[in-house]
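Since the structure comes first, as structure tokens, the remarks are kept for the end.
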Number of protein chains: 2
Amino acid sequence: MTTPAYSTATNRTATHRAPADGTPAYSTELARLAALLADRTRAAFCLALLDGRAWTAGELAAYAQVAPSTASEHLTRLTEGGLLAERRQGRHRYLQLAGPHVAELLESLTAHLDPPQGAPRGLRAVSASAALARGRTCYDHLAGRLGVAITDAMTARGLVDQDGGFALTDAGRDWFTDALGVEPADLRTGRRPPARACLDWTERRNHLAGTAGARLCDRLLDRRWVRRIGSGRAVRLTDAGAAALQELLGLDGTAAGLR
Amino acid sequence: MTTPAYSTATNRTATHRAPADGTPAYSTELARLAALLADRTRAAFCLALLDGRAWTAGELAAYAQVAPSTASEHLTRLTEGGLLAERRQGRHRYLQLAGPHVAELLESLTAHLDPPQGAPRGLRAVSASAALARGRTCYDHLAGRLGVAITDAMTARGLVDQDGGFALTDAGRDWFTDALGVEPADLRTGRRPPARACLDWTERRNHLAGTAGARLCDRLLDRRWVRRIGSGRAVRLTDAGAAALQELLGLDGTAAGLR
DNA sequence: GCGAGTCTTCGGTGCGTACCGAAGGGACTC
DNA sequence: GAGTCCCTTCGGTACGCACCGAAGACTCGC
């Protein structure tokens with residue numbers, strides 16, 4: 001009698017299905033994590049929240065064009081799944097990514113997607129898209145042509161090493177202190193690496209992420225060298241910022257198509 | 001009249017649902033990608049294939065304990081989704097991960113999973129699990145205590161920089177040439193980085209991945225310093241390997257719990 | 001207080017899909 | 001050529017879940 005393993009009653013229960021070598025217990029967990037993102041609406045929420053800010057439930061519902069009740073259920077699921085963090089304030093429910101690790105997770109997933117297939121339609125869409133391609137925030141660091149150009153300039157000056165992997169050099173650490181006033185201790189927060197490569201959606205090249213990327217973005221916004229455009233994630237380089245980047249990194253913002 | 005956007009006929013079609021700023025067109029793609037892994041059986045297939053070898057459809061079906069017909073459908077879906085590559089040979093269908101980028105994707109997902117909750121039961125399971133924790137392959141490089149110990153030793157000797165991110169140093173490149181006979185040109189293949197951090201499942205610490213990690217694994221297997229245990233992904237350090245690592249990296253295999 | 005605004009809970013509908021067995025198509029062996 | 005093996009295709013079932021509207025809980029402003 002050759003009863004296949006999958007047809008016996010015991011083997012069909014959840015606990016007995018996976019092989020016993022320990023490793024594959026993960027498959028259920030992996031599937032559960034992936035399932036959180038395996039819905040267009042939930043995926044849209046997460047991508048929207050990749051701008052690093054907190055959105056209300058209603059804003060997200062409108063963004064993804066679903067009923068508030070539907071959004072509410074999805075948001076509960078994402079929060080319980082550990083991807084989002086919520087803050088109840090008055091009658092609003094503010095949501096944001098649960099942390100840098102979630103941003104990294106989303107980045108590594110989106111990095112493996114095909115480039116955008118359908119070009120945006122309509123004037124508003126085109127100009128919004130162009131602004132995002134020029135410069136934007138990606139969770140807590142800079143992306144788009146701006147982010148990539150800064151990273152390239154830092155690499156050319158030996159502040160970032162992209163030859164052997166992706167790391168901030170000793171000179172890079174000094175530069176953060178001297179040029180931006182960021183103490184070395186501020187670059188080592190917990191287990192998050194100082195420098196990490198983040199593949200840019202639009203440029204398809206690496207830009208600087210990690211604590212150094214976050215501190216860089218902070219400082220540039222603080223000093224008004226970069227400003228947010230409206231309320232979105234798009235940013236633009238200011239006149240003062242162009243002059244500063246020219247001096248600190250030898251970066252010609254106009255030539256690099258950042259203005 | 002305040003008809004909500006989501007209730008109009010046009011807005012419910014796929015093409016009009018996403019906002020028009022260009023970015024959120026990705027949400028559909030992200031959801032599609034995530035859906036490939038959002039099933040326990042498909043997730044188990046992918047995790048099994050993380051050993052880097054090619055499995056037959058039947059082997060995978062038995063591993064995940066589903067009917068061959070069910071496995072066949074899942075494998076077709078994973079292949080069409082770009083995660084797996086197949087090779088038909090005679091009456092067999094061999095499957096493996098479509099490339100290092102898929103291995104990276106799986107790593108970054110599994111890195112965000114909770115540590116294993118249920119300890120493995122039974123003698124066979126425990127010893128298999130212990131062997132995997134001691135040393136194993138992770139796609140094309142070494143993992144487990146062995147992988148982490150080698151990476152730590154390389155870091156202590158200044159061959160790998162984990163301070164500013166994760167990169168192979170100049171000294172590290174020389175070491176690959178002198179100690180292993182790997183030419184620098186062999187460390188730069190296409191767009192894959194020479195060194196990349198891969199978070200170890202069992203150790204929860206980084207080990208060396210990327211082309212350097214792959215070459216290292218190749219050489220150690222070639223020179224019989226490391227051998228596969230049976231047909232699985234577990235590996236063990238040989239006597240010759242322990243001596244070699246002692247000499248080349250000052251690594252005491254016995255003290256590090258590798259033997 | 002009362003109404004407006006935000007979010008949640010609940011019931012109900014419909015679609016997608018994971019699963020199996022049975023049957024069929026190639027490929028290998030003897 | 002017959003039998004065996006591996007895989008695929010197809011039909012059918014059952015379950016999960018994404019979605020909505022309506023009703024309720026809670027906060028805020030007047």
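Below, read A as the first sequence line, B as the second, and so on, with proteins coming before strands; counting in each chain starts at 1.
The listed nucleotides are C:dT8, D:dC20, D:dC7; the one nearest the side chain of A:A67 is D:dC20. With D:dC7, D:dC20, C:dC7 as the candidates, the nucleotide lying closest to the side chain of A:T70 is D:dC20. Side-chain proximity of B:V66 to C:dC7, C:dT8, C:dC19: nearest is C:dC19. Closest to the B:D39 side chain, of the nucleotides C:dA18, C:dT8, D:dC7, is C:dA18.
In this structure, the side chain of A:S108 does not engage the main chain of B:S108 through any donor-acceptor pair within 3.5 Å. At least one donor-acceptor pair closer than 3.5 Å links the side chain of A:E59 to the backbone N or O of A:T56. Judged by distance alone, the side chain of A:T110 and the main-chain N or O of A:L106 form a donor-acceptor pair under 3.5 Å.
Residues B:H141 and B:H207 have side chains that bring a donor and an acceptor to within less than 3.5 angstrom of each other. No side-chain donor from either of A:R196 and A:T211 sits under 3.5 Å from a side-chain acceptor of the other.
Remark: C1' of D:dT8 and CG of B:L78 are 16 Å apart, rounded to the nearest angstrom. One interatomic measurement links the two molecules: CD of A:Q65 to C1' of D:dC20, which rounds to 15 Å at whole-angstrom precision. One interatomic measurement links the two molecules: CZ of A:R87 to P of C:dC7, which rounds to 13 Å at whole-angstrom precision. Nucleotide D:dG16 holds its C1' atom 14 Å from the CZ atom of A:R32, rounded to whole Å. Regarding B:L75, its CG atom lies at a distance of 15 Å from the C1' atom of C:dC19, rounded to whole Å. Rounded to an integer number of Å, the gap from CG of A:L95 to C1' of C:dC7 is 11 Å. A straight line from CD of B:E86 to P of D:dC6 spans 18 Å, rounded to a whole angstrom. Residue A:E80 contributes atom CD, which lies 14 Å from atom C1' of C:dT9 at whole-angstrom precision.
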Check the pair A:T79, A:R93 against side chain to side chain contact (heavy atoms under 4.5 Å, CB included), reporting the backbone distance first and the verdict last. CA-CA 12 Å; A:T79 303; A:R93 176 193 195 181; 4.2 Å; yes

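Here B:E29 pairs with B:R32 in a salt bridge; the nearest charged N to carboxylate O distance falls below 4.0 Å. For B:R192 and B:D140, the salt-bridge test passes: some basic side-chain N is under 4.0 Å from an acidic carboxylate O.
Of the side-chain N and O atoms in B:R42, none sit less than 4.0 angstrom from OP1 or OP2 of C:dT17. Side-chain nitrogen and oxygen atoms of B:H74 include at least one within less than 4.0 Å of the OP1 or OP2 phosphate oxygen of C:dC19. Within the structure, every side-chain polar atom (N or O) of B:R93 is placed at least 4.0 Å from both OP1 and OP2 of D:dC6. Taking side-chain N and O atoms only, B:H92 has no distance below 4.0 Å to OP1 or OP2 of C:dA27. Close to C:dA18, at under 4.0 Å from its OP1 or OP2, lies no side-chain N or O of B:T41.
The residue among A:R77 and B:A71 whose nearest nucleotide of DNA chain D is located toward the 5' end is B:A71.
Within the nucleic acid shown, B:T76 has no heavy atom closer than 4.0 Å to any nucleic acid atom.
In this structure, the separation between NE2 on A:H101 and OH on A:Y139 is 8.0 Å, given to the nearest 0.5 Å.
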Heteroatom pairs (N/O) under 3.5 angstrom, protein to nucleotides 26-30 of chain D:
residue	atom	partner	partner atom	Å
D:dT27	O2	A:R91	NH1	3.4

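Two rings, from B:W55 and B:Y63, have their centers less than 6.0 Å apart.
Axis orientation changes by 30° from one end of the helix from C:dG1-D:dC30 to C:dC30-D:dG1 to the other, with each end axis drawn from 5 pairs and the value rounded to 10°.
Judged by atom type and distance alone, B:E73 does not reach the base of D:dC7 through any side-chain donor-acceptor pair under 3.5 Å.
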